[in-house]
Amino acid sequence: MSEPRVYPARDREVAAAAGENVTAGLNVAQARAATHGAGPLLIVAGAGTGKTRTLVHRVAHLINTGIRPDRILLLTFTRRAAQEMLSRVERLVGGGGRTVHGGTFHGTAHRLLRRFGQRAGLGADFTVMDQADAEDLMQIARQALGLGDKKKRFPRKETLHDVYSRHVNTEIPVAALLGAEYPQFVEHEEAFGRVFADYTARKQDRNLLDYDDLLLFWAMLVEGPLASEIGALYDHVLVDEYQDTNLLQARILKGMVAAHGNITVVGDDAQSIYGFRGATVRNILDFPRNFPGTTLVTLEENYRSTQPILDVSNTLISRAEERFTKNLYTRRTGGDAAWLVTAHDEQAQTRFVVDRILELHEDGIPLREMAVLFRAGYMSADLEIELAARRVPFEKWGGLKFLEAAHVKDVLAFLRVLENPRDEVSWYRLLMLLPGIGETTARHAIEHLQGAAWAITAFAEFPAPARARSAHTALAALLEELRFAGSARTGKGGRHAGGTATPEDGGSRDRGLGREVAAIRRLYDNILRERYDRVEPRLADLDQLQVIASGYPDRAAFLTALALEPPQSTQDLGFGSDSEDDSLVLSTAHSAKGREWDAVFVIWAVDGWFPMARALGDDEQVEEERRLMYVALTRARNHLAVSYPLNVYDTRRGADYSLDQLSRFLDRGVRAGMQRVVVEAAPVTDAPAAADAAIVDLRALVKARFSSN
Ligand code: ATP
Ligand code: MG
């Protein structure tokens, strides 16, 4: 490039008297938002304009003006995001930042319900079910009502749960939801109602809460008699990524700040990507109406990306049907155009990504400053193999199937019934594992437990049929052994939360709750060997589970953490726990939200992959996919490459090879701002056939492990 690079002028900082240090490093509009006084504040701005940074500085400012840190609530999309923001607050104002309450909506709901739930009629030691458990309970309700028979096609448990969850989160009547999304089931509307009623009663009986309940009960708390007490907990509430909240969350916020109106939210409608879960961009648009007296701040300068990268993202999002935030500008005028990379097939794409990453690494970019993004977790399988083979360390965010794996859930079911003997779903799961126990016996056993008021000791007295007797005896013995172990309340086996390991803890896998998992595995590993063909990787998963469990003082802490904050990355699971490790990030586009890297690769920019095929029939879903692509592109600071294989080996469609199209989002206008790159054919294609076959086998194996079913 021949044009000289322009050295950008900075805004002159205008520091408010009391907050000199907190406005340093903010532009005028950001500083105005950070030092805003009382009352509702809405910051609407595009990607990389410093929304999150402004929020951090605002928290610091509030502390500087004398607000007690523990009277500030900062709500974020992941716990990790809250932790990072609060450590930045600490850097600005010192140790005080540590006591700010930060976390997700669900995590905060859980904390408040443990504290206030009993006074609102909730059992003291409720258990939180994850989505899969909630679906299983829905299945139990469906069967109990006799709706499982084959006469008429009745919706599956996943559909039932989806409709239920959307109904709770969006407040749209069930009939309207069915009409719009499942017209084939409209005739069953009344039956949906019966299943939901049964499901709700079961949850209450069994002392279980699902994810949606956490929000629902929180909303009810702040709208009921305890409202003023709960509202009085915080003087200020701040929310990042507001575009991805739902109506229930808006109601919660309204209740939380009813007394003082001190609420700050930041968001970008162009990055709203959780509509499929009931989030609504209306929350941003209606904010001024919901919170009268709102001060609005907009930001238009992007500090993250170079001009060429921003140009491509701006053009891509300018095609969106509806949009409120404006196009962004940047003063980072230098830089390479974004690359549009064509590869012959998936392997060539993989080879390109790894080669280019190594090249940039040699130029001095640390691996952790680079990320590869994709639409869905399984799309990185091939890349993961290649990275492992070439010894490039990486961690993966999102799309993690570890906790969804059947064998992991099996072991967790043991822990769950020990923690909450009323947990019918987990009883069912573990009983069905036992040799000699089928559906009928499992049902009888559960009825027996229910008849004994869910005392776990009652299981030993269950008259098991002859063929199940030895399994029954073994399980009863295990339950008896573990009844008191691992529970902090008894003081046996558990360590103090956050306590340090003592030398007598022995091997790291057998500390704390790890010991309990080890005991369960003495029974379960044999069952696993019977049930599965490929045993080794599953046993390795259980080893890993044992390591994670050993880090927790008791069952309750562990199960809650797994349900509320499922590990986001392999790093969260304890692999390479040294966070200073330099490793590349592989992430789904969803999990990349809010982050940034020097170099970003977006792979599989193929129609049907990104956008996903199942979104294509629905205009609104296509728009959400477009925003998701916008999120992906706007993560890049200096280098952006979007790649797509020309030939796609697609097992899911049953075809061998199909010629696929470039993603519709990269239309001619978008491409005009990009630099075309063609990957040279890989020498590997000349290798002998036998070698080819071996490679394909291995890849297929791994792919099977990552595929969604
Ligand atoms: P997203 O929409 O992706 O969440 P965002 O609006 O939250 O983005 P930030 O992540 O806060 O943006 O900021 C993007 C980058 O710009 C960060 O590296 C941040 O440090 C930098 N930045 C923001 N404001 C300024 C500023 N006034 N001066 C210098 N750098 C800034
Ligand atoms: Mg942000």
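As a basis for the values below, the full set of heavy atoms in this structure was taken, side chains included, without hydrogen atoms, waters or symmetry mates. Just follow the structure's listing: the first ligand is 1, and inside any ligand the first atom is 1.
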ask   = Please walk me through it: do Arg79 and Gln83 pass side chain to side chain contact (heavy atoms under 4.5 Å, CB included)?
value = CA-CA 6 Å; Arg79 191 172 53 167; Gln83 282 165 347; 4.1 Å; yes
query = Under a 4.0 Å heavy-atom limit, does Lys593 contact ligand 1 with its side chain, its backbone, both, or neither?
reply = neither
ask   = Quick one: does NZ or CZ of Arg595 land under 6.0 Å from the six-membered ring centre of Trp397, within 45 degrees of the ring axis?
value =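 So Arg595 doesn't make the cation-pi contact.
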Ligand 1 atoms in contact with [X] (distance to a heavy atom under 4.0 Å):
| X | result |
| --- | --- |
| Asn27 | 27 (N) |
| Arg635 | 3 (O) |
| Leu26 | 27 (N) |
| Gly594 | 4 (O) |

key: Candidate with minimal heavy-atom separation from atom 17 (C) of ligand 1, of Arg53, Arg304, Glu596   = Glu596
message = Walk me through whether Glu171 and Leu248 qualify under side chain to side chain contact (heavy atoms under 4.5 Å, CB included).
response = CA-CA 8 Å; Glu171 299 169 8; Leu248 210 45; 4.1 Å; yes
task = Flag the pair Leu373 / Arg635 as yes when at least one side-chain heavy-atom distance between them is below 4.5 Å, and no otherwise.
result = yes
query = Are Arg627 and Gln271 side-chain neighbours, meaning at least one heavy-atom pair lies under 4.5 Å?
reply =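 Not touching, per the 4.5 Å side-chain cut-off.
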inquiry  = Quiz question: by atom type and distance under 3.5 Å, do the side chains of Gln243 and Glu241 form a donor-acceptor pair?
reply    = yes
message = Taking the ring of His260 and the ring of Tyr234, is the distance between their centroids below 6.0 Å?
response =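 Ring centres of His260 and Tyr234 not closer than 6.0 Å.
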ask   = Do Thr52 and ligand 1 have an N or O pair less than 3.5 Å apart?
value = yes
key: Test of proximity, Arg595 against ligand 1: N or O pairs below 3.5 Å   =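 No, no N or O pair falls under 3.5 Å.
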inquiry  = Could you check whether any heavy atom of Asp268 sits closer than 4.0 Å to an atom of ligand 1, since that is the contact criterion I want to use?
reply    = no
